[in-house]
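What follows is a set of notes on a single structure, which appears directly below.
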Amino acid sequence: ISRQETFSNFLVASVMAEEELPGILILDIGGTHGVLENLVPLLKKHFRLITMKEFLENKKEMSKKIQSVFVFECRPTVDRELLESLPNLKVIGNSGVGVDHLDLKMISNFGVKVTNTPHAVADSTADIGMALMLASARRLVEGCQIAVSPDTKCFAVDWLGVEVTRATLGIVGMGSIGYKVAQRARAFDMRILYHNRNRRRKEEEEAVGAHYCEKMEDLLQQSDFVMLVVNLTPETHKLIGKKELGLMKPTATLINISRGAVIDQDALVEALQNKVIRAAALDVTYPEPLPRDHPLLKLNNIIITPHIGTATVQAIRMMAEEAIANMLAVLNGQPIPSEVFPK
């Protein structure tokens, strides 16, 4: 065969191979909300990528090909209309743990499975919890501003933070992330209290020196730092409100690395303004980002970061790998590593 024919055959074969890969719907590649470009080769190994634009331009043909949806940074939005237009859809692979942006019951009614990535995110999220606790305790952000301000002539001797070492940390939600926070806090000789739906095994408690509080109230009253590490569910919506903030010590700090709506933000503004608690450190708010005139943005006893709990080079890649493994397991009829079931 001539070289030209060989090359043509190769092209036909690669086009066919590409066609045979299961179609995966993504919002976009790059840009503000698209899948990061360095994750694309990872996805292309196993799937034929179809962007929302390509899907909408050629719905008739594309709708049959799409067997999975990769949800990255809560996008694309999975609504009834989308589900109705994807007859061969088998799985929605969410990149990240929280699935409060997905209607699990509705998706399940279409016979579609939902998966998430709890293993990939635990370390990076626990790290941000510790970072926020330390930064808030030692007034790091404020201190940085003083150190670089053109108006600074000398450093004040009475500008003080509080110690993390040997302080009491109350962890609300002791899943895999909460437990990793406890492991890190142990190295700071912290006294660790935790509140969870289910008590951990005795040996797990002993390994990190954690004490179980059946009532969240007990934890709130004793803790110097309260860290929220729960999923957002109807039960945890506004879990921390005026009453709960009032139970906390006036010297205490509230840290949130779960979801913004776990805290009643109006009550938090009031508590911070009136020094009901010392400070707050939030990686999450509701909405994100907050409106630029939101009262939380005007306070000096708060640190807010832009939902960066899993924003590390390593975690983003591990999340994509975990999501891919989940989706392939569904498509190949194998046991699913991390399936999320509707309550």
Side-chain angles (χ1 to χ4, degrees), residues 17-121 231-232 259 288 307 310 315-343:
E18 166 111 316
E19 285 295 312
E20 283 157 21
L21 288 174
I24 189 168
L25 180 67
I26 58 172
L27 181 73
D28 199 3
I29 294 170
T32 320
H33 304 305
V35 170
L36 296 181
E37 297 194 19
N38 62 353
L39 298 179
V40 169
L42 213 57
L43 288 160
K44 278 192 167 168
K45 257 191 219 163
H46 307 283
F47 300 97
R48 179 187 171 190
L49 263 58
I50 298 166
T51 65
M52 191 54 99
K53 187 169 180 275
E54 289 169 327
F55 167 63
L56 295 173
E57 281 169 1
N58 190 358
K59 252 185 172 175
K60 196 161 181 256
E61 190 195 336
M62 294 298 181
S63 63
K64 295 185 192 74
K65 293 193 163 85
I66 294 168
Q67 294 184 39
S68 47
V69 176
F70 180 54
V71 177
F72 182 79
E73 297 291 321
C74 302
R75 293 178 177 87
T77 303
V78 178
D79 54 17
R80 182 172 290 280
E81 189 190 346
L82 182 67
L83 292 165
E84 281 170 351
S85 63
L86 298 174
N88 297 325
L89 182 66
K90 296 182 179 66
V91 59
I92 292 164
N94 187 66
S95 186
V97 177
V99 288
D100 43 280
H101 52 288
L102 297 170
D103 185 336
L104 298 177
K105 276 211 176 93
M106 177 186 75
I107 294 166
S108 161
N109 289 341
F110 280 86
V112 174
K113 296 192 183 299
V114 174
T115 68
N116 67 345
T117 61
H119 307 294
V121 305
N231 286 322
L232 179 59
R259 283 290 185 267
E288 288 173 357
H307 201 147
T310 57
I316 291 286
R317 187 170 182 89
M318 280 166 21
M319 280 155 65
E321 286 169 352
E322 194 172 347
I324 289 167
N326 280 319
M327 292 186 286
L328 291 175
V330 174
L331 299 185
N332 298 326
Q334 291 164 336
I336 307 159
S338 309
E339 185 175 356
V340 186
F341 301 96
K343 292 276 184 293

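Everything quoted here is computed from the prediction, not taken from an experiment.
- Heavy-atom minimum distance, Leu104 versus Phe341: CD1-O, 4.0 Å.
- In this structure, CD in Glu84 is found 12.5 Å from CG in Leu89, a value given to the nearest 0.5 Å.
- Closest heavy-atom contact between Thr117 and Ala323: CG2-N, 3.6 Å.
- Side-chain contact check for Glu339 versus Val114: every heavy-atom pair is 4.5 Å or farther apart.
- In this structure the side chain of Val112 never reaches within 4.5 angstrom of the side chain of Lys90, judged on heavy atoms.
- Within the 4.5 Å cutoff, no side-chain heavy atoms of Phe72 are placed close to those of His33.
- With rounding to the nearest 0.5 Å, the separation of CG in Leu42 from CG in Leu36 is 11.5 Å.
- Between Ile50 and Ile26, every side-chain heavy-atom pair lies at or beyond the 4.5 Å cut-off.
- Using a 4.5 Å heavy-atom cutoff, the side chains of Glu73 and His307 are not in contact.
- Here CG of Asn88 is found 6.5 Å from CD of Gln67. Values are rounded to the nearest 0.5 Å.
- Partners of Ser338 under the side chain to side chain donor-acceptor pair (under 3.5 Å) rule, at least two apart in sequence or in another chain, are Glu322.
- Side chains of Ser63 and Pro87 form a contact here, defined as non-hydrogen atoms less than 4.5 Å apart.
- For Gln334, the side-chain contact (heavy atoms from CB on, under 4.5 Å) test picks out Ala329, Asn332, with sequence neighbours left out.
- Distance alone, capped at 3.5 Å, places no donor-acceptor pair between the Lys45 side chain and the Pro41 backbone.
- Note that NZ of Lys59 and CG of Leu86 are 8.5 Å apart. Values are rounded to the nearest 0.5 Å.
- Under the 4.5 Å side-chain criterion, counting only non-hydrogen atoms from C-beta, Leu21 is not in contact with His46.
- The side-chain contact (heavy atoms from CB on, under 4.5 Å) test applied to Asp28 returns Thr51, not counting sequence neighbours.
- Residues Phe70 and Ile92 form no side-chain contact, since every pair of their non-hydrogen atoms from C-beta on lies 4.5 Å or further apart.
- Taken to the nearest 0.5 Å, the CD1 atom of Ile24 stands 9.5 Å off from the CD1 atom of Ile66.
- Annotation: side-chain hydrogen bond (donor to acceptor under 3.5 Å, both in side chains) contacts involving residues 94-116, sequence neighbours excluded, comprise Asn94-His101, Asp100-Arg259.
- From Leu39, atom CG reaches atom NZ of Lys44 across 12.5 Å, with rounding to the nearest 0.5 Å.
- Smallest separation of non-hydrogen atoms from Pro337 and Asn326: CD-OD1, 3.3 Å.
- Remark: Met52 engages Leu25, Leu27, Phe55, Leu56, Pro76, Leu82 in a side-chain contact (heavy atoms from CB on, under 4.5 Å) (not counting sequence neighbours).
- For the residue pair Arg48 and Met62, the shortest heavy atom distance occurs at NH2-CE, 3.7 Å.
- Among residue pairs with one or both ends in residues 30-41, none qualify as salt bridge (charged side-chain N to carboxylate O under 4.0 Å, His left out); sequence neighbours excluded.
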